[in-house]
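In what follows, a structure is listed as structure tokens, so that the remarks can point back to it.
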Amino acid sequence: MSHTQGQVRVRFAPSPTGSPHIGNIRTALFTWLFARRHGGVFILRIEDTDRARYVEGSVQEIMDSLRWLGLDWDEGPYFQSERLPLYREVAEKLVASGHAYRCYCTPERLEELRRQQEAAKQPTGYDRKCRYLSDEERARLDAEGTPYVIRFAMPLEGVTVFQDAIRGELRFENALLDDFVMLKSDGFPTYHLASVTDDHYMGITHVIRGEEWISSTPRHVQMYQALGWEMPVFAHLPMILGTDRKKLSKRHGSVQFVEYIQQGYLPEAMFNFLALLGWSADEDRELYTREELIERFDLSGVLDHPAIFDGQKLLWMNGVYIRRKPIEELTRSCLPYLQEAGLMPSEPSPEQIHYAERVIALEAERMKLLSEVVPLTEYFFRETLEYEPKGVRKWFTQPYVPQMLEMLIARYETLEPFDLQNIEATTRAVAEELGVSAAQVIHPTRVAVSGRTVGPGLFEMIEVMGKERVLKRLRAALEMIRSGQLAMAEG
Ligand code: GLU
């Protein structure tokens, strides 16, 4: 039995055991897209019952990451740690119906059992000792207040079968599944109990999660059957591998999602990229808006083989989205990076913002990450320039350059309006008067005003920098040449 009608209700159910990974967030995104595609409800559920693995701050990071991507949740966050009585109730119900039992085995006994199994090269697992205790033995242990866990009594033979929406029918030999713990001795549920209980009471219609949970699913199916609960549709998303087909790790870039945020990926680009990480609309196309993805997304397009994480593609896609962004918005996104580098004040004036917009417009073409705004544009903002030694060596040593700088200074001083057209005409005229090529003026002037040998078009750059800044820089270059400081600048 499974839900096919009624409103779709899905959940993203992370464990707060550390900073979310790319794979976690991909699961959230697919689940969200599925909800939005079907006009359903997207629920955030924090699976925080493993107290030993709880990491402070990870709930915040999970929520920040979802918000950053625009994955808004309709319900929650629910915290499993606040629902303990419910899990116990379900566990006790299964004990009462004979589908579960109290196990009084001590951790020492279990440890010893494992050692023996390993020594005998047998599969490890609980030997079901307490499943077969007599009523008297049980009563005695309870009377003595012996601590216990509650284990599910798995069928000893047969197969558990379920339909996976992505992989089709999956079958598991029951004999290979052990009597797993549902409720721990401290009263906390394990993942299996809490997950099935919540999925039932929260009315979850589709369980969408990573492929690593497939092996848990036959246990869940057995619990649903024992409880007489309607089963959700299960959909296990493919794992994510690096371009070398190995498990995703630091080698392939970051695995922690927040690092991508910090490096300056745009949420729109990340959204698009993640959507294609294990799903395809079966068309020759890579760029989709959020709305287009909502329209197209469905479980039928999810791959049943691993998805390949290609960091170069992500970078390319980010560049595309950066160039698509209106310059005011792009500047707003770049501002924190400029501020952190000390290039912009914490409360910039409208003029300063306007200047940054014009600077960024010149460099956006070359930007693949927001954080690159700093190396790409810092020379526009700094009071004193750092000169590229090779530019200084090549151009500031030319005999005509001091005179050229003097001429430019004199002409620019009186140039009105100081605009692209006038700047270009004036600069070219200086070349002509000196009897050198335009390039022989453009290159040293570029070094003088930017410190660099490459960059955006010189005349555009000069126009954006503005008269005052340009004159100051031309004078500083002239001064440097005259005072014989070249050797120093050459380093
Ligand atoms: N808490 C599990 C996780 O961290 C959830 C698995 C599931 O979705 O059932 O991935």
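A quick note: this is a predicted structure, and the numbers were derived from the prediction, not measured. Side-chain atoms are counted along with the backbone in the values below, which use heavy atoms only and exclude waters and symmetry mates. Read the numbers this way: they start at 1 and go in the same order the structure lists the ligands and their atoms.
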Side-chain donor-acceptor contacts of residues 151-161 below 3.5 Å, not counting sequence neighbours, with atom names and distances?
residue : atom : partner : partner atom : Å
Arg151  : NH1  : Asp179  : O            : 2.8
Thr160  : OG1  : Asn174  : OD1          : 2.5
Thr160  : OG1  : Gln222  : NE2          : 2.8

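- Relative to the ring axis of Tyr321, Arg324 places its NZ or CZ within 45° and under 6.0 Å from the centre.
- Ring pair Phe297/Phe34 is perpendicular by interplanar angle, where above 60° counts as perpendicular and below 30° as parallel.
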What donor-acceptor contacts under 3.5 angstrom involve side-chain atoms of residues 137-147, with partners at least two apart or in another chain?
residue : atom : partner : partner atom : Å
Glu137  : OE1  : Ser134  : N            : 3.0
Glu137  : OE1  : Ser134  : OG           : 3.0
Arg138  : NH1  : Arg102  : O            : 3.3
Arg138  : NH2  : Cys130  : O            : 2.7
Arg140  : NH1  : Glu144  : OE2          : 3.4
Asp142  : OD1  : Arg102  : NH1          : 3.4
Asp142  : OD1  : Tyr104  : OH           : 2.7
Asp142  : OD2  : Tyr104  : OH           : 3.3
Thr146  : OG1  : Leu141  : O            : 2.7

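- With salt bridges taken as basic N to acidic carboxylate O contacts below 4.0 Å, none links Arg11 and Asp198.
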Can you list every pair where an N/O of ligand 1 is under 3.5 Å from an N/O on the protein?
residue  : atom   : partner : partner atom : Å
ligand 1 : 1 (N)  : Ala13   : O            : 2.8
ligand 1 : 1 (N)  : Ser15   : OG           : 2.8
ligand 1 : 1 (N)  : Glu47   : OE1          : 2.6
ligand 1 : 4 (O)  : Ser15   : N            : 3.3
ligand 1 : 4 (O)  : Ser15   : OG           : 3.1
ligand 1 : 8 (O)  : Arg11   : NH1          : 2.7
ligand 1 : 8 (O)  : Arg11   : NH2          : 3.4
ligand 1 : 9 (O)  : Arg11   : NH2          : 2.9
ligand 1 : 9 (O)  : Tyr191  : OH           : 2.6
ligand 1 : 9 (O)  : Arg209  : NH1          : 2.9
ligand 1 : 10 (O) : Trp213  : NE1          : 3.4

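- Applying the ring pair (Phe, Tyr, Trp, His ring centres under 6.0 Å) test to residues at least two apart or on different chains, the pairs with a partner in residues 59-93 are Trp68-Phe257.
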